[in-house]
Structures are given as structure tokens and as C-alpha cells.
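Each remark here refers to the structure printed beneath this line.
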Amino acid sequence: MGSRMRLAAMSFLAGLGTAPALVDPALAETQPAEPQLAWHLNGLGLPGLIDMPSALSPPDAQFTGQIAGFRNTLRYSLTWTASDRLTAAFRYALLFDLRGVPGGKTVYPSIFDRSFSLHYRLLDEGPMWPALALGLNDVAGTGIYGGEYLVATRTLSPRLRLTGGIGWGRLGSYGGFANPLGVLGDGFDSRSYARPEEGGTLTWGSWFHGPAALFGGVEYQLTDALSLTAEYSSDAYQREAGTAFAWKTPVNLGLTWAAGPGFSLSAQAIHGGALGVQADWTFNPKTPRAGSGYDAAGPMLTAAPVPGGDLARDLADRGLRLLGQRQDGALLEVDLANDRYVIAAQALGRAARVLVRDAPKGVARFRIILSEAGMPVTQVTLDRAALLASEFFVDGSALSRADARISDATAGLPRLPGAFPAADVWLGPYLKPVLFDPDAPLRADLGLALNGRVDLAPGLVLAASLQQRVLGTLDQQSRVSNSTLPHVRSDAWLYDKAALTLPTATIAWYARPGPDLYARITGGLLEPMFAGLSGELLWKPQASRLALGLELDALAQRGYDQALDLRDYRVVTGFATAYYAFGSGVTARLDLGRYLAGDQGATLTLGRRLDNGWEIAVFATRTDVSAAEFGEGSFDKGFSLTIPLSLVGGQPRREVTTAVIHAVGRDGGAMPDVPGRLYDTIRADQQDALDATWGRFWK
Amino acid sequence: MRRVLAALILALAGCDTAQHLRPPRPAAFQPGPGAAVMFAAVPARDRAAPIAVEGSRGGIVTWRTADNVSFSFDRGVLVATRGLGPDLMAGEAAPTLAALARPGGPDYALRKRYLTGDNHDLMLTLTCRMAAPVVEDGAQVLTESCVLPDGQRVENRFAFGQGGDLLRSAQWIGPDLGMALFAALGG
């Protein structure tokens, strides 16, 4: 409640003329608070001051996109608070007139540098002690931003915060002294530096090595929207000073303006030699603007069946397709395809509302089978009287869950005539970005995609996508691959030349070979670069944290035009995969197998999945391809981001969009991108996902 | 726009000028039979719209706008909203109804359930007190003052006509949406 509320309450008053108000504006308003200390991220996207870190962490799951720049330095950072204590930042920097090594002679006219940082809050601020955090900058890159720190932050008043710490590497380059960790061994006394063209592997051998230095600073909240930052920096800018800009003083000054919700702008005096600007855009996917969504109210429950109800029609009105139906005495079973809700618990709740209204009086229980691609996944049994009792009950969420029985559904119901075949065609825009090409950090195509899908029979699905580029710059790429491996991914730029393409065209068959087992066979144009046949078997009990999968793919490389022609390269890939959910949305996945270039190895993926469908994961692959054979980056690594489209507009939608960003797209450790993989197809319908999101049942 | 809407609501709700007042009758907390339409305003959403009865069950009446925003009331006390975003998933009415019948009594707890942006139940317990009725503009107004767990204070107000019918109310939906204003038509 803010000024809007007051305005509205005043209007209400005005309408009453001189009569006393129904709403007292003073009470509808929270007391004006003291200015609260703003959040600051430093120019590397980490909690901090201007260049130096602080010991705080942004709220759990918070995202920040940042652009920070000053003379000859431009950084784009993406920061994500992966857990309450762990913050990670990925950064892409364009650096000009930079020395290859600190204090070195060779000056590079320009360098495009990628780096990745981790920041961990060890200790929360307490009544007598400060917050304490440990951080690693550039853990697997060229080391340009390589530096480690231990930092303490103390809030002295609601307006004032102090920070002090000790840094190594880049953060130990000004005012440095002999490394106190030298007592642990002589090795800590010196530090080696990589040249910009090297890197890509973990630099742990130099962490906390070399001279150390102290840094510190202060943050002061001037007004609600303005805050001041001053710091004593232990970064001597040894690669930049004198070439990229004139370093004059260790002191940096900043003024930050909270320009709008989640958006701030800063102006900075950088070491007395450059004027810096920084823009931060912050949002938290746990608290989207639409809250839990603007979903239209479902129909209220009725004690008696509503005359004129038509189950198939009323379910279809809620985006639920009735595939099969059977009544056995007081039990009514329905088999549903959920076309609308990204959270299956809501699909169940909407179906329950329709069933209570439409089912004949003698029906006391409902069994809802959730099917994917016509393959039954989960069955949920609900009690009609319990639903009526819990609809408006303050504990109705827990109560409705307690009354529900969830189990594996290995068999569907007799199909309704007309349920198959079911066709769906939709036309929509597509955006295909290519990030971090050294020649141009951001390229993209925008076009139209015509997608079609036909559910031919239960479990049998025909699907295809046709794309027409409307505008874009992907066809300007000219990075001829120097890879000595088969060019399974490094010719991606050639695949981006064609304007009209058929990225996928597949026929897939899904089945349940037994309890907790799922199977898939997919054939056709599986992805833009490979066609063939893919088979998969998955074991995933309903509430199990562990799932195991096997996949085998016989593939042929597709022509660059992404039409129907094939190139000569053939490969068989295969993977044994273990998936594990640790709780609190933390997930791990380990793939062992044979990759597209015929190399063998493993991929480890660590992810965080929010219970609204947001997911971010980092992955790394090591195979028997050597770092030299792999080329730039040494091994394949990157991250993926999955966003449910329902959270973008706040309206219910089943679709999610996933972006996978490889640090460098090379040929080693490359997996085929087969559509409709089983784990992602069934996971949201299973008991663990339903339990985590059951609150949405009555949404 | 908001000012106009709010003024419209009040114009439509009319002002009860009757001089003879009786204590509110809990049984008559529903808007009367002539009030099949109410106006609802949610200032935080910049919305005001007529709402019509969708149906009732077990004393709870659900009202709905043309674009499927719904408000459910247990004898006049708001117990659920849908379609507004950070909706009130469910709220207790019984403590408020008891206090409306016997205002001026001791504090009582009022529980409300919300759904977070990542689909978790969020329970809020308010500590409330119902003040003795006062006569304002010919209506008998009862004010329920509540304190949230974070110390923030909110007030729900119920204005009853001489027949004991609820004419208008201002009720707190939740932390994100703030107050909703309801005015019965033709009551």
C-alpha cells in the first residue's frame, strides 16, 4: 500500500462528501519509514560497493542484469542468487588497450573476456558481529578479473553501512603485503597469471596466492532514492593503468539513484581517472509482478450437479482435454491432457471444480489421470465431499492434499471417440540469439515459426516446426571453424545462413513398459543439425528423488539449409543419466556416455528449480577430447535458463522457454538436442512436483 | 479515473438517511435480496467494477465481475478473491462475524492464506479487535482493527443500514493488494 491506496481512499472519502470515511487514509497507509539502505552491486555484478565486494547477499533467487562501463572498459554481468547464501555472476567484458599480464609490456588493442564469480555469505550479521563472505572472481577464465576475498560488512544505522576486507590476486594488487597465508606454505607467496588467449580451466592453483591487500568502504543512504558509496580499492588496475585510463588514486566514489522498481543507475569516479556509469536491473522470479498469476476465477463448487453440464466441453473451457472417461459405481475416472497449466496441481484443481459441478449425484470420488503425449503418468483420487469442505477453508490447501491419493498411472482409460487424432497448429514469433561471438557479442534473428502437432493415437505424436527469418544478423557470422574434431557444433554459423528452415520434424512414440518406467522412441529431424532415431528408457517412481535414464541415438548430420538433406557424418551417441533432487529445488544430473563427435565422457549439471517453473542450471562436460583439441575454453560449459511463459504475462500458459548458453560453442562434449526427453516430459505431473506446489490446487 | 469510479460507487450505493438505528443483525449480513449487484473496487489494481452473484453454498456467496474476478463472502465478510494476482486464497470469517455480533470484546486471531509467486502457501495471522459501533452518515459502522505479524495496522469497516443489511464495507485483501471496497446496490 502506498500513495495509490491513499489516493483511492481519499476519493472514496470525497464521494461521501462531508460524511466520515469508511477507510481512514492514515490507517490504510503504512507509517513512512526511515530511508532504508539500498542494495548495491559492484561493477562485477557482485554484492559490493563500486569495484570492491561487500559481505551481503541479494535475496534468494534474485536476478540482476548489469551494464557497467568506464573508459576502455565495458562489462555485461548477469547475477543470480542461487541459494540464500550463494551468489553467482557471469560476466562478459569488452576491454580495450589492456596489458596481457599485470604490468606487462604487450598491450592488446581489444580483448573480449568471459568470467564467472562465486560469492558465499559465511555468516549473517548479528547483534555484535558483522556479516562475513568469501568470494572467488573469475574461477575458470583468463584470470583478468582473477581475485579472491574475505570481507566483512556491518550496518551501523539504517542509513550507514561499513565494509572492510582482505583481497588476493587483482584485489591484492594495490597496497599489497606478504600473503598471511604464506604460513601455510611457501607456495602461497607467489601467483602466476595467464595470458588472455589462455584459460578456460579452473584456476584453483592460484586462488588465495600472491600478495594480499586490504580494502574497505562505506555506503550511505542520502534520501529514499539516492545513496552514496565511497571505497578504498585494493585493485591497482595493473593491466589497465596508464594504457586504458589514468589511475590516480585508490579511492572510488559513487552516487546511485534508485530510478524505479528494480532499476538503478550509478555515476562513479573511478580512481580519479575515469567517469563510470552503471545500470542495474533486478528482479526476483520468486516474486513476479503478477504474484501467483491473474488466472481467471474457476467456477465455484456446487453442492448438487449443475444442470446442462457437459464434462468434455467444460474441461475444454479450462484448457483440459478429456481423453478417456469411465464410471465404476461411485468412482468417476477421467484421463486428461493438460494444455494450459504449467503447474499440474492447478490443472487438477480446475478439473476437480468441473467434476464436482458436472458429475452425477451418485459419484462420491474422482480419479484424475494426468497424461502427457497420451501416455498416462499420474493418477490422483479426490473425494467429492472433502473438496466441498476445503474450497473456502483457511487450511483448505493442506486439507485437500491430505484427502488426495496420488499414485503411478500405468494404464490409461478407454479412449473417448474423437479424442484422437487431435491436431494443433500455432503460429508465433521466435527469437534466436547468438551470444558472446568474439566478433559481435550479441546477434539475433527474429522470425515467424509455424508449429504443428498431431496426437495420432495415445502415445503417438507427429510434430514439426517451420521457421522463416524476418530480420536478424545471424547470417553475418563468419567464424570458420578451426576444429580438428568432426564439426558437430562449430559449423553452427553455417546453419544460420538459411532464412526458411525446418528445425524439427519428428514422429514420437511414448509408452509405459511397467510401473515407474517410461519409454520413448523418436525419429526424424530431431534438431537443426542432426536427424535420426532416438530411444530412451526412464525409471522415475512418483515421489523418488532419484531417476535413472538410458538413451541411445543413431544420428546423421543434417545439411546446412536445415531442409531434408543429410551430410556424410554419422554417429551413434548414448547416455546413462542419473537425476537427483536434493530438496529446496536444488537438482543434479550426471550424464555418462558418448557424445556427438564420438568422444566419451561425462556431463555434470547443477540446477535450482523454483516451484513456479523457473530454473537455472550450470553444466560442464569433460570428455576424452584434450583441452588443445577442444580449442578455446578447453572444455564445454555453460548455463541454461528456463522461464515459464505464464510468469511473463501472468496468464496461465503451459509453455516454457529454455535458453542454453555455452561459454564457447565447440565440438567436444556436445550432446544431441532430442525433443521430448522423458524426464522433462513427466516430471511436473509426478507426486514430488504436485506436493511442492499443491497450494495452487485452489488457485 | 479512480476518483471518478469511487465517486460513482458511492453515488450508486446511495446514502442512507434514516435516523432510527438498530444494532446489526448477524443473520442479515448478506446484502439484501434487492442487491444482486454490488460494486467492488480494488485501488491497488486500479479497478472498479460491478459484481454479480455467481452462486452460494453453505452461507458463502461468490460474486464475479464480467471478466472473471471473483470475491467470496461469508455473510458479508470477505473470505476469498480470485483473478487479482496475489489473491486471498482463503480467510477465516467466524471470528469477525462473532465480533460483529458482540463488538467491543477482546482481541481475536484471524487467519488468512495466500499463495506466493513460487506456489507455496503463506499463512498470515492477524490480531484483531472490533470497536463498538458508531453512527456515521446514518449508517452504523463497525471497525475491525488488525495488526499484521510485521506490525503494520489495517482496518476493516462494515457499514450497516437500519435493517441490519450491510451497505458498504472496506476490507483488507492482503499485503500486496491492500484494501477492497464494496458497496451494495439497491439495498
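Numbered from 1 within each chain, the chains take letters A, B, ... in sequence-line order.
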Do [X] and [Y] have side chains that get closer than 4.5 Å, going by heavy atoms?
{"X": "B:R57", "Y": "A:T302", "answer": "no"}
{"X": "B:R113", "Y": "A:S397", "answer": "yes"}
{"X": "B:L115", "Y": "A:R696", "answer": "yes"}
{"X": "A:K699", "Y": "B:N119", "answer": "no"}
{"X": "B:R111", "Y": "A:D395", "answer": "yes"}
{"X": "A:F392", "Y": "B:T62", "answer": "yes"}
{"X": "A:Y294", "Y": "B:R45", "answer": "yes"}

Quick one: of [options], who has the most non-hydrogen atom pairs under 4.5 Å with chain B?
{"options": "A:G585, A:G613, A:A61, A:A290", "value": "A:A290"}
{"options": "A:G396, A:G291, A:G695", "value": "A:G695"}
{"options": "A:P299, A:P285, A:A345", "value": "A:P299"}

Given heavy-atom pairs under 4.5 angstrom as the criterion, report whether the side chain, backbone, both or neither of B:S56 touches chain A.
backbone
Can you tell which part of B:S70 gets under 4.5 Å to a heavy atom of chain A, answering side chain, backbone, both or neither?
both
Measure from the side-chain N and O atoms of A:S292 to the backbone N and O of B:G85, and report whether any donor-acceptor pair falls under 3.5 Å.
yes
Report the option among [options] that has the most heavy-atom pairs separated by less than 4.5 Å from atoms of chain A.
{"options": "B:T81, B:L88, B:D87", "result": "B:D87"}
{"options": "B:M89, B:M123, B:R82, B:K112", "result": "B:R82"}
{"options": "B:A80, B:G55, B:G151", "result": "B:G55"}

Side chain, backbone, both or neither of A:A692 within contact of chain B (heavy atoms, under 4.5 Å)
backbone
Side chain, backbone, both or neither: which part of A:A303 has a heavy atom under 4.5 Å from chain B?
both
If every non-hydrogen atom of B:G117 is compared with every non-hydrogen atom of A:P288, which pair is closest and at what distance?
CA-CD, 3.8 Å
Search all heavy atoms of A:V394 against all heavy atoms of B:E92 and return the closest pair with its distance.
CG1-CG, 3.8 Å
